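Every value quoted in this text rests on a predicted model; they were computed, and no experiment measured them. Atoms within each ligand, like the ligands themselves, are counted from 1 in listed order.
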Amino acid sequence: MAKHSIRVSAFFPAHNEVDNIGPLTEKTVRILSEQVQDFEVIIVNDGSRDGTRERADELAQIYPQVRAVHHDVNRGYGGAVKTGIASCAKDWIFFTDGDGQFDVGEIPLLLEHAAQFDAVVGYRLDRQDPFHRKLFAFCWGTLIRILFGFRVKDLDCAFKLMKREYFDGVELKAEGAVITVELFSILTRNRARIRQVGVHHYPRTAGEQSGGSVKVIARAFKELLLLYKRLKT
Ligand SMILES: Nc1nc2c(ncn2[C@@H]2O[C@H](COP(=O)(O)OP(=O)(O)O)[C@@H](O)[C@H]2O)c(=O)[nH]1
Ligand SMILES: [Mg+2]
């Protein structure tokens with residue numbers, strides 16, 4: 001099969017993912033080498049304390065297409081996504097979580113639509129999270145729909161391919177999970193053509209989940225309010 005004639009910067013936010021980033025990086029390099037004309041992979045280590053930093057630097061030594069970017073202190077998911085986006089040099093940005101809960105083997109499902117769309121975003125076909133996380137995600141999604149008016153099947157699905165031009169020179173604010181709302185607000189404000197694609201989601205095999213912690217949720221509400229004030233009043 002011919003390669004897609006696009007250039008892709010892929011990044012992964014990683015906070016204490018020492019056992020996950022190796023296999024994830026290796027597989028991403030393999031898939032993108034087969035699929036696209038040109039790419040780079042950026043590991044965004046968000047102040048990890050478990051050896052992720054050293055592992056990311058090692059991977060960058062092994063693979064010429066891989067770079068590691070580090071926060072000395074942990075900032076949060078949004079902080080890591082912002083650093084990832086700012087580090088991307090190619091025309092398209094792809095990102096997924098550094099924990100390997102998505103299968104980068106499904107990147108071709110996104111690439112298939114790159115010629116006709118400006119952003120191709122995943123939704124989890126069978127989300128592998130505890131019930132309370134799914135319930136929270138449903139309520140959160142409904143709140144975002146009411147406040148901002150987007151209709152997105154799965155806001156926080158960390159499997160997205162987007163044209164970089166939408167984010168060039170844009171100052172993103174959220175340091176926490178609200179970053180995904182901010183990304184969609186930029187895409188929709190600029191009338192980007194968005195395609196949604198079902199992808200698989202797997203349980204974590206290593207490391208700890210923190211996306212549902214009280215700290216993460218409290219910050220999300222605070223940053224949501226700030227974003228709403230900035231965009232809607
Ligand atoms: N939760 C959290 N994740 C971070 C942070 N910085 C980077 N990440 C990465 O963001 C991704 C999602 O985190 P995870 O805890 O798996 O969230 P969940 O899958 O929504 O429960 C993982 O790849 C983390 O390594 C942070 O400060 N907090
Ligand atoms: Mg996860």
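- With a heavy-atom cut-off of 4.0 Å, N16 does not touch ligand 1 at all.
- The proximity of A14 to ligand 1, defined as any non-hydrogen pair under 4.0 Å, is limited to the backbone.
- Comparing heavy-atom distances from atom 21 (O) of ligand 1 across E17, Q209, H15, E175 singles out Q209 as nearest.
- Looking at heavy atoms from C-beta onward, F184 lies in side-chain contact with V121 at the 4.5 angstrom threshold.
- Contacts between D46 and ligand 1, counted as non-hydrogen atom pairs separated by less than 4.0 Å, involve the side chain only.
- Looking only at distances, a side-chain donor or acceptor of R67 sits under 3.5 Å from a matching main-chain atom of S87.
- One option in N74, D97, T83, V81 has a heavy atom closer to atom 12 (C) of ligand 1 than any other, and that option is D97.
- Remark: ligand 1 atoms within the under-4.0 Å shell around heavy atoms of R133 are 18 (P), 20 (O), 21 (O).
- The closest heavy-atom contact to atom 14 (P) of ligand 1, among the options R219, E208, R204, comes from R204.
- Using a distance-only test at 3.5 Å, with no hydrogens or angles considered, no donor-acceptor pair links the side chain of D97 to the main chain of D99.
- Any N or O atom pair closer than 3.5 Å counts here, and A80 shares no such pair with ligand 1.
- S210 places no side-chain N or O within donor-acceptor distance of the main-chain N or O of S213, the cut-off being under 3.5 Å.
- The six-membered or imidazole ring of Y123 lies away from that of F159, with a centre-to-centre distance of 6.0 Å or more.
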